[in-house]
*Asks:* 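Quick one: the structure is below, and I'll ask about it shortly.
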Amino acid sequence: MPEIKWLIDASYFIAAVLFILGLKKMSSPVTARKGIVWAGMGMVLATVVTFLTPGVSASFMPADNLVLMAIAIAIGGSIAWISGKKVAMTDMPQMVAIYNGMGGGAAAGIAAVEFARGYMYGTVLFTLATLGALIGSISFSGSCVAFAKLQGLMNKAFRLPAQNVVNAILALVTLGLGATIVWLGQGVSSDPIYNLAHGAGSAVPAWLLISFFICALALGAIVTLPIGGADMPVVISLFNAFTGLAVGFEGYVMGNPALIIAGIVVGAAGTLLTQLMAKAMNRPITNILFQPISGEAQAGGTIEGTMKEVSALDAAAMMRYASKVIIIPGYGMAVAGAQHKVWEMTQNLENAGVDVKFAIHPVAGRMPGHMNVLLAEAGVPYDKIFDLEEINADFNQTDVVLIIGANDVVNPVARTDKSSPIYGMPILNADYASNVIVVKRGKGAGYSGIENALFYMDNCRMLYGSAQKVAADVIQNLKTME
Amino acid sequence: MEGFISAYIFMLAAFTGYEVISRVPVILHTPLMSGSNFVHGVVLVGAMVALGNAGTPLEKTIGFVAVLLGAANAAGGYVVTERMLGMFKNEKKGN
């Protein structure tokens, strides 16, 4: 049926165009929403026409495969759709991780089916199928670990003795197994009848394939395990690029240009995005993978001095009678769900004539831009939110800086202490302000486990309590001052 | 030549991806990561073809799982991205 073939090819082409246009639109805030809708239309189109593919459609192959397909799409699609609708904005990063991992798993699954069928031939195809299977498997297991860690299912950083050596050995073994698969498999003929007659379809023994997949999965998990939560967004982004590449490679194996284009575009875009994120954190991607920050081991020198406490009443008065206040929100605020209260407090201050701004560190929240999304959700207008470069010069003319749930991103040791693991990371210069109030749940160290020198400074006061409660107390006290 | 056409597609797609993403404001990094995560959900299509061609029960099982995972990638990726970007609309109104 040449017409159907033409229809399918044309649809894949249109889908690929829609994906690229969609991504392009997503890279500007004004058109971003349209972008995802365009890409979504491309996806629906590509999925629907695939049901008509010769070999997929019922006229060619047993109909039960079509039924299986519909069931799988219904189950996978609806579970993901519902979980995606329900999830809180704070938990977005791990959802992106798990959906991405599933994509990687699907790419590895395609390779597994092709290996099992034994119709694949040639060095190039076998190499790409094996590479796709490797990268997809790593992305799958790595993303699952990332999800578990961010979701709080796995709290401790887990580090093997001689972690890098173990990683290297496992990587070499996996590559060796992969190379053997290609070596044994490439001789398989393009003629299925020849293969049947010579049993060439099974040129690659099952145990080899199984050990290859197990090693690849183990590799993804073991590389991700020691990585701390603060670095996780970069790793998720890296796995996102990996899945893209895996999809592109399997697209080549399946002879499907839509997969090739979408996969490689995402692979390249994801790689660039990973670099941008790593740069924003001043942590080269190689450091993140091979020298994860482990707080206790290299927390740098201990800091002399004491932390000074302040009451909600005093804090309210300081801000009420200030002329300029900058609020630095961190992930802790979002976890406490306090952004609505903080916005209410901000409105109270503004009514009293105080100039209030929000300062966002590039890695506030768990991913670059995550905090902007969380504040937007609470209704904070866009023009009150400033990023690091825009606002850092303002701190020395600011009366009060209120830090809520942020820690490492305001730690001045990043500027001063060369032995600190966060040395060189760009920080918000909160310590330059006349007064700093830090809202904190307890006296512990930050997310990365590093002591914060700011807390011990003379101009800094600690306001203990959950962000939600503190904001509510401050609002109460502000009302008494009207 | 056939093989080289694919190589050209690879190369041009890689440049396209790089170009499309460069010069993106930091605030869009997360939504964009999520959006690109959705786009590679097209792996669903490949998984469907693989399942369609599957013969033995083993192949069908793997194919079924692959389609399920691919569908979850596409559906989940869409919903999450759409929700995040939906908030940028509110921000614009707030301006």
Side-chain angles (χ1 to χ4, degrees), chain A residues 19 23-24 26-27 29 32-33 36 40 43 46 50 55-56 65 68-69 72-73 76-77 80-81 84-85 95-96 99-100 102-103 105-107 109-110 112-113 116 237 240 243-244 247 250 254 259-262 264-266 268-270 272-273 362 367-370 372-373 376-377 381-382, chain B residues 6 9-10 13-14 16-18 20-21 24 26-30 32-37 39-54 58-59 62-82 84-85 87-91 94-95:
Chain A
F19 289 152
L23 274 177
K24 181 72 206 161
M26 273 186 252
S27 56
R33 219 176 117 87
I36 183 65
M43 190 69 74
T50 305
V56 170
N65 279 0
L68 283 177
M69 219 176 282
I73 292 176
W81 188 275
K85 279 272 180 215
M95 295 317 282
V96 174
Y99 297 142
N100 172 53
M102 287 171 163
I110 294 174
V113 173
S237 178
N240 187 38
T243 303
V247 171
E250 299 310 331
M254 307 297 288
L259 258 71
I260 300 180
I261 291 170
I264 300 298
V265 164
V266 172
L272 180 59
L273 208 51
M367 289 198 252
H370 190 198
N372 302 64
V373 174
E377 189 190 20
Y382 194 57
Chain B
S6 299
I9 297 180
F10 265 62
T16 308
Y18 205 85
V20 160
I21 298 294
V24 173
V26 174
I27 56 160
L28 279 173
H29 280 182
T30 297
L32 204 56
M33 177 163 132
S34 177
S36 57
N37 176 36
V39 167
H40 69 50
V42 74
V43 68
L44 167 64
V45 166
M48 286 169 73
V49 176
L51 174 58
N53 292 330
L58 174 71
E59 292 160 26
I62 304 173
F64 181 83
V65 174
V67 173
L68 195 141
L69 291 175
N73 182 181
Y78 184 85
V79 173
V80 166
T81 312
E82 210 274 334
M84 275 193 237
L85 292 176
M87 276 156 200
F88 284 96
K89 213 171 81 179
N90 297 341
E91 275 183 357
N95 254 345

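What you see is a predicted model; the values in this text were computed from it and never measured. So you know, we letter chains A, B, ... as the sequences are listed, proteins then strands, and number each from 1.
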*Asks:* Using the test salt bridge (Lys or Arg N to Asp or Glu O under 4.0 Å), find all partners of B/Glu82 that sit at least two apart in sequence or belong to another chain.
*Replies:*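 If we apply the salt bridge (Lys or Arg N to Asp or Glu O under 4.0 Å) test to B/Glu82, skipping adjacent residues, the hits are A/Arg33.
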*Asks:* Let's test your reading of the structure: which of B/Val80, B/Val79, B/Thr81, B/Thr16 forms the most heavy-atom pairs below 4.5 Å with chain A?
*Replies:*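 Sorted descending by pairs with chain A, the first entry is B/Val79.
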*Asks:* Under a 4.5 Å heavy-atom cut-off, does chain A meet the side chain of B/Val67, its backbone, both or neither?
*Replies:*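 Contact with chain A is through both the backbone and side chain of B/Val67.
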*Asks:* Which heavy-atom pair separates B/Gly77 from B/Ser34 by the least distance, and what is that distance?
*Replies:*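 Distance-wise, the nearest heavy atoms are O-OG, 4.0 Å.
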*Asks:* So for A/Met26, is it side chain, backbone, both, or neither that comes closer than 4.5 Å to the heavy atoms of chain B?
*Replies:*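 Contact with chain B involves both backbone and side-chain atoms of A/Met26.
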*Asks:* Do the side chain of B/Tyr78 and the main chain of A/Met43 share a donor and acceptor less than 3.5 angstrom apart?
*Replies:*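 Not confirmed, B/Tyr78 side chain does not pair with A/Met43 backbone.
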*Asks:* When only pairs under 4.5 Å are counted, which of A/Ile261, A/Leu273, A/Ile260 shares the most heavy-atom pairs with chain B?
*Replies:*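 Among the listed options, the one with the most contacts to chain B is A/Leu273.
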*Asks:* Please test B/Asn53 against B/Glu59 for side-chain contact (heavy atoms from CB on, under 4.5 Å), starting from the C-alpha separation and ending with a verdict.
*Replies:* CA-CA 9 Å; B/Asn53 292 330; B/Glu59 292 160 26; over 6 Å; no
*Asks:* Please list, chain by chain and in numerical order, all residues satisfying side-chain hydrogen bond (donor to acceptor under 3.5 Å, both in side chains) with B/Ser36, sequence neighbours excluded.
*Replies:*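 By the side-chain hydrogen bond (donor to acceptor under 3.5 Å, both in side chains) rule, B/Ser36 matches A/Asn240.
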*Asks:* Quick one: which of A/Gly109, A/Gly105, A/Gly103, A/Ala46 has the most heavy-atom pairs under 4.5 Å with chain B, could you say?
*Replies:*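 Option with the top pair count is A/Gly103.
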*Asks:* Measure B/Ile62 against the heavy atoms of chain A and call it side chain, backbone, both or neither at under 4.5 Å.
*Replies:*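 The answer is both parts of B/Ile62.
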*Asks:* For chain A, which of B/Val65, B/Ile9, B/Val45 has the most heavy-atom pairs under 4.5 Å?
*Replies:*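 Option with the greatest count: B/Val45.
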*Asks:* With respect to chain A, which residue among B/Leu58, B/Leu44, B/Ile21 yields the maximal number of heavy-atom pairs within a distance under 4.5 Å?
*Replies:*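 Between B/Leu58, B/Leu44, B/Ile21, the count favours B/Ile21.
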*Asks:* Could you tell me whether the side chain of A/Asn65 and the main chain of B/Ala54 form a donor-acceptor pair under 3.5 Å?
*Replies:*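 Yes.
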*Asks:* Set out, in order, the CA-CA distance, both residues' side-chain angles and the distance that settles side-chain contact (heavy atoms from CB on, under 4.5 Å) for B/Val43 and A/Ile110, then state yes or no.
*Replies:* CA-CA 9 Å; B/Val43 68; A/Ile110 294 174; 3.8 Å; yes
*Asks:* For each of B/Gly63, B/Gly41, B/Gly70, tally heavy-atom pairs with chain A at distances under 4.5 Å, and name the one with the top tally.
*Replies:*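 Ranked by heavy-atom pairs under 4.5 Å with chain A, first place is B/Gly41.
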